[in-house]
Amino acid sequence: MIVVVVELARQIKQSELCHHIRGDKMLDLKFIRENVELVRKNLRDRANKLDLDGLLKLDEKRRKLIQKVEELKYKRNIASEKIAQLKKDKKKTDHLIEEMKDVGKEIEKFEDEVSTYEKKVNQTVLLIPNIPDSSVPAGLTQDFNKEVRSWGKKPEFDFQPRLHWDIGETLGILDFGRASKITGAHFALYKGLGASLERALVNFMLDLHLNKHGYKEIWPPVLVNRECITGTGQLPKYEEDMYRCELDDIFPIPTAEVPLTGLHMDEVLEEKNLPIYYTAYTPCFRREAGSYGKETRGLLRVHQFDKVEMVKLTKPEDSDIELEKMVQNAEEVVQLLELPYRVMLLCTVEMGFAARKCYDIEIWAPAQGKWLESSSCSNCGDFQARRLNIRYRKKDGKTELVHTLNGSGIALARTFAAILENYQQKDGSVVIPEVLRPYIGGVEKIEG
RNA sequence: GGAGAGGUGGCCGAGUGGCUGAUGGCGCUGGUCUUGAAAACCAGAAUCGUCGUAAGACGGUCGUGAGUUCAAAUCUCACCCUCUCCGCCA
């Protein structure tokens with residue numbers, strides 16, 4: 001019973017929000033109407049089972065009802081003006097007022113219907129993913145991802161390389177047992193030089209993006225409200241993947257992309273201030289509902305991990321080139337750490353909900369013999385800007401939606417794992433990448 | 001958590017029931033003037049939706065939502081946020 005009530009409350013909150021969030025702004029609905037086949041193909045390429053025809057029918061019904069309401073309101077407005085005039089002239093208005101009472105009731109009836117359909121339509125529209133860029137390969141499996149380039153050389157060992165969780169536990173820098181004791185499975189606890197290494201990575205990455213790449217540092221809240229996270233696109237579709245503070249209906253962020261992009265919600269930016277570059281270190285929280293299996297060992301899939309994130313707000317014509325630059329910024333992190341990696345252009349089905357085009361950076365993990373996704377850089381076009389209502393004023397005085405981009409620069413847990421596996425020595429120690437040493441008190445090696 | 005004040009267009013700021021989508025100022029765009037710029041002057045410009053090939057017509061929008069009324073920026077209620085004071089607190 002309680003569960004039912006909670007569920008109901010959640011649905012009400014959601015529908016209220018859907019109404020509130022751009023309920024007045026159906027621009028994308030118009031786009032959908034005018035580009036039905038494009039949207040249909042998008043859904044197909046992303047293996048999304050949304051009922052597009054059902055949506056179109058609801059929308060048609062909605063528009064018919066709006067016409068009725070507006071007709072009645074027009075009638076009422078004319079009468080109101082007349083009443084005002086009659087009152088001024090001290091003439092009788094009773095009959096008109098009586099008539100309008102009935103009209104008012106009719107309006108109310110139709111308006112209720114409109115809002116019913118509007119809610120349904122808006123809820124559905126929020127579930128339609130972004131349209132991919134034409135350069136994105138269409139495909140329903142990861143085999144359609146395209147390797148764009150690779151960098152570095154895979155290390156060769158004259159001994160059997162050990163897995164990072166093994167190395168970490170042996171050196172006493174990772175402690176999964178105790179993490180699980182105080183919290184639960186799939187949490188990480190860093191100890192001693194492990195903790196220091198994590199902190200060194202954060203500081204190294206932030207400094208690089210600040211000093212060399214021109215990003216502005218932000219330290220945002222890591223709990224955000226429903227509106228913000230609906231704006232960036234994680235909601236409503238992925239609610240089950242999110243942690244949630246029930247009492248206040250706020251969410252621990254799955255990525256700093258959410259607060260960094262949401263920052264300018266409902267704002268009109270100055271053209272001269274674009275592009276805006278933000279970077280932030282935050283912990284990230286993910287429930288990872290339904291992902292079990294081999295990928296979950298060690299640091300590969302944990303519910304809380306650290307990440308340095310990059311976000312850009314740009315003019316529409318600049319976003320393509322800005323994405324390329326952002327990927328390079330992320331790559332530079334990996335290059336300076338001297339870890340072998342490859343850059344993948346993701347196919348339609350592999351991209352995030354809000355992404356129009358997305359590159360992944362995968363670092364080689366020699367002991368596991370596989371590539372670890374360590375960064376995802378996406379151009380979201382105006383998709384998030386529309387949901388968040390972020391615009392800029394152009395020279396001609398008109399406003400236009402900005403484009404938003406986000407990318408990991410980069411995710412820490414898997415980078416940490418890759419460092420252990422790539423830099424491990426025969427004696428069980430791990431060499432600290434040179435570029436990190438100033439950040440870890442000059443330590444060159446972690447030994448047991 | 002308690003008490004008070006407030007939330008209006010890109011910004012500031014008028015406006016307490018009926019041509020108020022909203023006076024005014026700043027900023028913005030175009031023009032006149034100027035060698036150029038500034039100043040001054042003139043003009044333009046909110047946003048969303050519905051119908052329409054279009055011109056345009058109409059409907060909505062003053063923190064959010066509901067209510068009163070023939071009619072709400074204006075009255076009532078709830079909620080959110082900001083500021084000031086008090087309390088509590090890492």
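Chain letters run A, B, ... following the sequence lines, proteins first, then strands; residues in each count from 1. It should be emphasised that the depicted structure is a prediction, and the values quoted were computed from it without experimental measurement.
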For [N] and [M], measure between their [atom1] atoms and round to the nearest Å.
{"N": "U53(B)", "M": "G63(B)", "atom1": "C1'", "answer": "40 Å"}
{"N": "C70(B)", "M": "C12(B)", "atom1": "C1'", "answer": "37 Å"}
{"N": "G15(B)", "M": "U82(B)", "atom1": "P", "answer": "26 Å"}
{"N": "G7(B)", "M": "G13(B)", "atom1": "C1'", "answer": "13 Å"}
{"N": "C80(B)", "M": "G10(B)", "atom1": "P", "answer": "26 Å"}
{"N": "U29(B)", "M": "G18(B)", "atom1": "C1'", "answer": "35 Å"}
{"N": "U8(B)", "M": "A73(B)", "atom1": "P", "answer": "16 Å"}
{"N": "G9(B)", "M": "A14(B)", "atom1": "P", "answer": "13 Å"}

Is the phosphate of [N], meaning OP1 or OP2, less than 4.0 Å from a side-chain N or O of [X]?
{"X": "Arg62(A)", "N": "U50(B)", "answer": "yes"}
{"X": "Asn77(A)", "N": "G60(B)", "answer": "yes"}
{"X": "Lys101(A)", "N": "C70(B)", "answer": "yes"}
{"X": "Arg33(A)", "N": "U50(B)", "answer": "yes"}

How about Glu322(A) and Tyr277(A): does a side-chain donor come under 3.5 Å of a side-chain acceptor? yes
Can you list the stems that include RNA chain B, where a stem is three or more consecutive Watson-Crick or G-U pairs with distances under 3.5 Å? B:1-7 with B:80-86, B:10-12 with B:24-26, B:28-32 with B:40-44, B:46-51 with B:56-61, B:63-67 with B:75-79
The side chain of [X] lies closest to which of these nucleotides: [options]?
{"X": "Ile66(A)", "options": "U50(B), G18(B), G60(B)", "result": "U50(B)"}
{"X": "Thr399(A)", "options": "C70(B), U47(B), G10(B)", "result": "U47(B)"}
{"X": "Tyr74(A)", "options": "G60(B), G59(B), G10(B)", "result": "G59(B)"}
{"X": "Lys30(A)", "options": "G49(B), C51(B), A71(B)", "result": "G49(B)"}
{"X": "Arg391(A)", "options": "U47(B), G18(B), U50(B)", "result": "U47(B)"}

Is any side-chain heavy atom of [Y] closer than 4.5 Å to one of [X]?
{"X": "Lys191(A)", "Y": "Leu174(A)", "value": "no"}
{"X": "Met326(A)", "Y": "Leu405(A)", "value": "yes"}
{"X": "Ile390(A)", "Y": "Leu401(A)", "value": "no"}
{"X": "Tyr215(A)", "Y": "Val311(A)", "value": "no"}

Across the strands shown, which category fits [X] at heavy-atom distances under 4.0 angstrom: base, sugar-phosphate, nothing?
{"X": "Ile83(A)", "value": "base"}
{"X": "Lys88(A)", "value": "nothing"}
{"X": "Arg63(A)", "value": "sugar-phosphate"}

On RNA chain B, check which nucleotide each of Lys398(A) and Arg76(A) is closest to and give me the residue with the more 5' one. Lys398(A)
RNA chain B nearest-nucleotide lookup for Glu71(A) and Lys395(A): closer to the 5′ end is Lys395(A)
List the steps and the verdict of side chain to side chain donor-acceptor pair (under 3.5 Å) for Glu317(A) and His403(A). CA-CA 9 Å; Glu317(A) 61 268 32; His403(A) 278 197; over 6 Å; no
Spacing of [X] atom [atom1] relative to [N] atom [atom2], expressed in whole Å:
{"X": "Glu118(A)", "N": "U61(B)", "atom1": "CD", "atom2": "P", "result": "13 Å"}
{"X": "Met265(A)", "N": "C81(B)", "atom1": "CE", "atom2": "C1'", "result": "12 Å"}
{"X": "Ile107(A)", "N": "U69(B)", "atom1": "CD1", "atom2": "C1'", "result": "13 Å"}
{"X": "Asn225(A)", "N": "C81(B)", "atom1": "CG", "atom2": "P", "result": "9 Å"}
{"X": "Phe31(A)", "N": "G49(B)", "atom1": "CZ", "atom2": "C1'", "result": "19 Å"}
{"X": "Glu227(A)", "N": "G65(B)", "atom1": "CD", "atom2": "C1'", "result": "13 Å"}
{"X": "Leu247(A)", "N": "C80(B)", "atom1": "CG", "atom2": "P", "result": "13 Å"}
{"X": "Lys68(A)", "N": "C58(B)", "atom1": "NZ", "atom2": "C1'", "result": "18 Å"}

Between Phe383(A) and Phe353(A), is the ring centre distance below 6.0 Å? yes
Are Tyr278(A) and His264(A), when compared by the centres of their aromatic rings, separated by less than 6.0 Å? yes
Tell me every residue that passes ring-ring contact (aromatic ring centres under 6.0 Å, His included) with Phe416(A), counting only those two or more places apart in sequence or in another chain. Tyr190(A)
Residues two or more places apart in sequence or in another chain: which of them pass ring-ring contact (aromatic ring centres under 6.0 Å, His included) with Phe144(A)? none
Donor-acceptor pair under 3.5 Å: do we get one between Glu70(A)'s side chain and the base of G49(B)? yes
